[in-house]
*Asks:* 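One structure follows; several queries about it will come next.
Throughout, protein chains are lettered first and strands after them, A, B, ... in sequence-line order, and every chain is numbered starting at 1.
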There are 2 protein chains.
Amino acid sequence: MKIGELSRATGTNIETIRYYERIGLLPEPDRTAANYRSYGDPHRARLTFVRHSRDLGFTIEEIRSLLDLSDDPERDCSEADRIASRHLAQVEEKIAQLTLLRDELTRIVGRCRGGVAADCRVIEALGDHRHCESAH
Amino acid sequence: MKIGELSRATGTNIETIRYYERIGLLPEPDRTAANYRSYGDPHRARLTFVRHSRDLGFTIEEIRSLLDLSDDPERDCSEADRIASRHLAQVEEKIAQLTLLRDELTRIVGRCRGGVAADCRVIEALGDHRHCESAH
DNA sequence: CTTGACCCTGTAGTTGCTACAGGGTCCATA
DNA sequence: TATGGACCCTGTAGCAACTACAGGGTCAAG
Ligand SMILES: [Zn+2]
Ligand SMILES: [Zn+2]
Ligand SMILES: [Zn+2]
Ligand SMILES: [Zn+2]
């Protein structure tokens, strides 16, 4: 499979595939006589794993650890569990932060009654955290 | 006020203050004989506005527009309202995405029963979106 | 007179890509 | 046989919003 086919098969930008190879996330594939990259099914599976993990918000370094783990099928999987749990906790933390933010922004946006910038309550609120009701 | 004092007064890293000046978000301050930056209260207020807006998640370009607006007190403030509303919508969108992600991650994490990597349901789920119950 | 805290400029690193520029290769059609 | 277009290659630079130096200058206290 050439890089364009792998790109279509996995929904991954060609430049991104070469980037993953460069940073060592994907192994260097064989080359054809014309120096074209030539991929097989294991490459496709690995890239699918990477993309899906990225879609779920894992960082490249987390994915590297997860791949190391799955490359070594005898290893205990508790590290995978730990990485995923920690990531879940981060997502929950982020949701909590954004929820605070959303509430604060809702209050701020609701204050504008139109008029000139000098009297705008939105601009006033942005300039002074003391108008806020929450930490953020 | 020297840059260190402004830094402490606003809770902003010194390098960040210089960065804001470089990109034209803060005006160039006067200099002392020793070529030290010298700030006054208007600088402090402007930086406070920038930091608070950043804390609320606005981008630098959005903040630039908001500052332009507040520099021109006769202008109609509806643009500020539009920027803030659009930002609020983006935050809500992000919360919705992360909530989907959280639910999916919760399912994935809950599947691990321990054991070796070869049998790990977490690793399996990461490698194949068909195990997922939602788009994400 | 030295020590330490502070300041300066300019550049490079971070994350995870994406977008070229400037080439080479391959295959079908005229 | 030539040529056009689709594909591939490497290497570098750009994005956001900082952050972290390196390598220097300034200043006040002891
Ligand atoms: Zn308004
Ligand atoms: Zn606030
Ligand atoms: Zn497991
Ligand atoms: Zn999925």
*Asks:* Quick one, give me the B/S/- string for nucleotides 1-18 of chain D, reading 5' to 3', where B means a protein heavy atom under 4.0 Å from the base and S means that only happens at the primed atoms, P, OP1 or OP2.
*Replies:* ------BSSB------BB
*Asks:* Would you say the side-chain atoms of A/R46 and A/Y39 include a donor-acceptor pair closer than 3.5 Å?
*Replies:*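 Per modelled atom types, A/R46 and A/Y39 side chains form no pair under 3.5 Å.
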*Asks:* For the residue pair B/T10 and B/L6, what are the closest heavy atoms and their distance?
*Replies:*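 For B/T10 versus B/L6, the nearest heavy atoms are OG1-O, 2.8 Å.
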*Asks:* Within residues 85-100 of chain B, which residues have any heavy atom lying less than 4.0 Å from an atom of DNA chain D?
*Replies:*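 Listed by number, there are none.
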*Asks:* When rounded to the nearest 0.5 angstrom, what distance separates CG in A/L126 from NE2 in A/H131?
*Replies:*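 Those atoms lie 11.0 Å apart.
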*Asks:* Look at the side-chain heavy atoms of Ile, Leu, Val, Met, Phe, Trp and Tyr, link any pair under 4.5 Å apart, and say whether B/L100 and A/V91 land in one connected group.
*Replies:*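 Hydrophobic grouping puts B/L100 apart from A/V91.
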*Asks:* Return the OG to CD1 distance between B/S65 and B/I60, rounded to the nearest 0.5 Å.
*Replies:*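 Here the interatomic distance stands at 11.5 Å.
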*Asks:* Measuring from B/F58:CZ to B/Q90:CD, what's the distance to the nearest 0.5 Å?
*Replies:*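 One finds 9.5 Å between CZ of B/F58 and CD of B/Q90.
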*Asks:* Drop me the distance from A/R64's CZ to A/S53's OG, to the nearest 0.5 angstrom.
*Replies:*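 So the gap between those two atoms works out to 13.5 Å.
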*Asks:* By nearest heavy atom, map A/A33 and A/N13 onto DNA chain C; which one lands nearer the 5' end?
*Replies:*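 Upstream on the strand: A/N13.
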*Asks:* Looking at B/E62 and B/R86, is any side-chain nitrogen of the basic one under 4.0 Å from a carboxylate oxygen of the acidic one?
*Replies:*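 Answer for the salt bridge query: yes.
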